[in-house]
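Take a look at the structure set out below.
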Number of protein chains: 2
Amino acid sequence: MMSNQNKIPQATAKRLPLYYRFLNNLHIKGKSRVSSKELSEAMKVDSATIRRDFSYFGALGKKGYGYNVEYLLGFFRKTLDQDENTPVALIGVGNLGTAFLNYNFTKNNNTKIEVAFDADKRKVGKSIGDIEVHHIEDMEQNLGDISVAILTVPVSEAQNITDRLIKAGVTGILNFTPARITVPESVRVHHIDLAVELQSLVYFMKHYPLENEE
Amino acid sequence: MMSNQNKIPQATAKRLPLYYRFLNNLHIKGKSRVSSKELSEAMKVDSATIRRDFSYFGALGKKGYGYNVEYLLGFFRKTLDQDENTPVALIGVGNLGTAFLNYNFTKNNNTKIEVAFDADKRKVGKSIGDIEVHHIEDMEQNLGDISVAILTVPVSEAQNITDRLIKAGVTGILNFTPARITVPESVRVHHIDLAVELQSLVYFMKHYPLENEE
DNA sequence: TACTTGTCGTGAAATTATTCACTTATTCAT
DNA sequence: ATGAATAAGTGAATAATTTCACGACAAGTA
């Protein structure tokens, strides 16, 4: 699958999954046509931004009409590789990890947690949300060729586990620990820091009383 | 508390809680001095960006020396209002909600979940992580003057609960549902969409093979 | 057919954010 | 005391992103 490196801006790329899911919902609801204005209102993204984002992929709409939902959806399905499934490993079956195991990512999505690991022997062997928990010691043997990991371990373990993951061939990590892990250039990390997000919200509430963003 | 509206860029504001936590950790470790270069390596933020960010608040460092950890920490403590505690309500005690109740936000942080709500009568009356769960019907009576809510309800309930929260005086919502909720201008919403984050990571892995960001 | 309306796609402008690179002040070693 | 090394702060350049606003064309209507 040719890496479609025609300079889609990162900001645009981050919105694609949102667009995809929303179009999918429209399709399920039986809507066959949609305008950038409607999309804008529903997704809270400026309509010009939506048109601009779509335009990076070519002329997907029709003037005076809008976008054909099915066509657009099919287009994004291909673009986002929704046909091939992406297996994911979850490391750390604590509260947050358990929540993800029960969370049905596959719903509108090509990603599925296939295997989980934890250091607590009492959790090993059990299945949570249909996913078997292995011991963290056996991680390398049970990872297979999975290249995406969700990291929900204690912060003290984060770097150590990261190093092992990378050695085992993982090239993408969704990091929920507060640790800013160090990885080679070739590995992509997205951080989601829940405490920071909450604190950031509070800061914005106090200091930016009226505007709205993101 | 004067709203310090001296045009701190949003991108900077979003990084402040990260800076704060990191400085706090340094302080705990007994480090008294730090340079933008060290901070950069640890937090994976360009050192010029760090210096620029700090400079919006004035000259906080010393040339040839760096920053005094304690001073900087004290400064950010004030800036981020870490002295006053911010009470938070959690709506929806499912998997994700439960994880948050057990998550100790207060650790490095001025925020604390004070009360939780759920529609499931079996959960009502119990305490999880020391926080009592009330029935969602009694939300308005038990919110007190809380103005921040974490929303972890099913997507179908999101808008409805949001409307009630706003009517009850909530002005900031951390929304974990996939719904892009509609709120008045005066209410701030931050979305964290876990499925989108995961999918976005996968997209970047496939299409932006070498670069690194955020 | 002719007119009106809707809506895309996009150049250009505006805004926002990042990064370079240099000046200046300070520290540290000798 | 002196010189070398360090590192902040910042003007200016660059990059990235958003937004405006309009031309062009399709769809619907009379």
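All heavy atoms count here, side chains included; hydrogens, waters and symmetry mates do not. By convention in this document, chain letters (A, B, ...) are assigned in the order of the sequence lines, proteins followed by strands, and residues within each chain are numbered from 1.
If A:Thr12 and B:Ala48 are placed on DNA chain D by their nearest nucleotide, the residue sitting closer to the 5' end is B:Ala48.
The distance from atom NZ of B:Lys7 to atom P of C:dT16 is 7 Å, rounded to the nearest whole Å. Spacing between atom CD of B:Gln10 and atom C1' of D:dT18 amounts to 13 Å, rounded to whole angstrom units. The CD1-C1' distance, from A:Ile8 to D:dT17, rounds to 14 Å in whole Å. The CG-C1' distance, from A:Asp46 to D:dC20, rounds to 9 Å in whole Å. Note: CD1 (B:Ile50) to P (C:dC20) measures 14 Å, nearest angstrom. Atom P of nucleotide D:dA8 and atom CG of B:Leu72 are separated by 11 Å, given to the nearest angstrom. Nucleotide C:dT7 holds its C1' atom 15 Å from the CG atom of A:Asn68, rounded to whole Å. Atom CZ of B:Phe54 is separated from atom C1' of C:dT18 by 16 Å (rounded to the nearest Å).
In this model, the phosphate group of D:dT19 is approached by a side-chain N or O of A:Thr49 to a distance below 4.0 Å at OP1 or OP2.
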Extract from the structure each pairing of a protein N or O with an N or O of nucleotides 1-7 of chain D at less than 3.5 Å, listing the distance.
from, atom 1, to, atom 2, distance (Å)
D:dA7, O4', B:Gly64, N, 3.4

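With hydrogens and angles ignored, no donor-acceptor pair closer than 3.5 Å exists between the side chain of A:Arg52 and the base of D:dT18.
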Could you give me the CA-CA distance, side-chain angles and deciding distance for A:Glu38 and A:Lys31, then say whether salt bridge (charged side-chain N to carboxylate O under 4.0 Å, His left out) is met?
-> CA-CA 12 Å; A:Glu38 287 174 273; A:Lys31 212 158 179 330; 2.9 Å; yes

Determine, stepwise, if the pair A:Asn95 / B:Asn102 fulfils side chain to side chain donor-acceptor pair (under 3.5 Å).
-> CA-CA 7 Å; A:Asn95 291 303; B:Asn102 286 302; 3.3 Å; yes

May I have the step-by-step check of salt bridge (charged side-chain N to carboxylate O under 4.0 Å, His left out) for B:Lys78 and B:Asp83, ending in yes or no?
-> CA-CA 7 Å; B:Lys78 273 179 281 155; B:Asp83 299 322; over 6 Å; no

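Of the candidates A:Thr79, A:Asn24, A:Asp53, A:Tyr19 forms a side-chain hydrogen bond (donor to acceptor under 3.5 Å, both in side chains) with just one, namely A:Asp53.
Of all non-hydrogen atoms in A:Val187 and A:Val170, the two that sit nearest each other are CG2-O, 4.0 Å.
DNA chain C is contacted by no residue of residues 17-30 of chain A, taking any non-hydrogen atom closer than 4.0 Å.
Taking the ring centre of A:Tyr67 as origin, the terminal cationic atom of A:Arg33 falls outside the region bounded by 6.0 Å and 45° from the ring axis.
Between B:Glu114 and B:Val88 the shortest side-chain heavy-atom distance does not fall below 4.5 Å.
For A:Phe176 and A:His191, the ring centers are positioned 6.0 Å apart or more. The distance between the ring centers of B:Phe76 and B:Phe54 falls below 6.0 angstrom.
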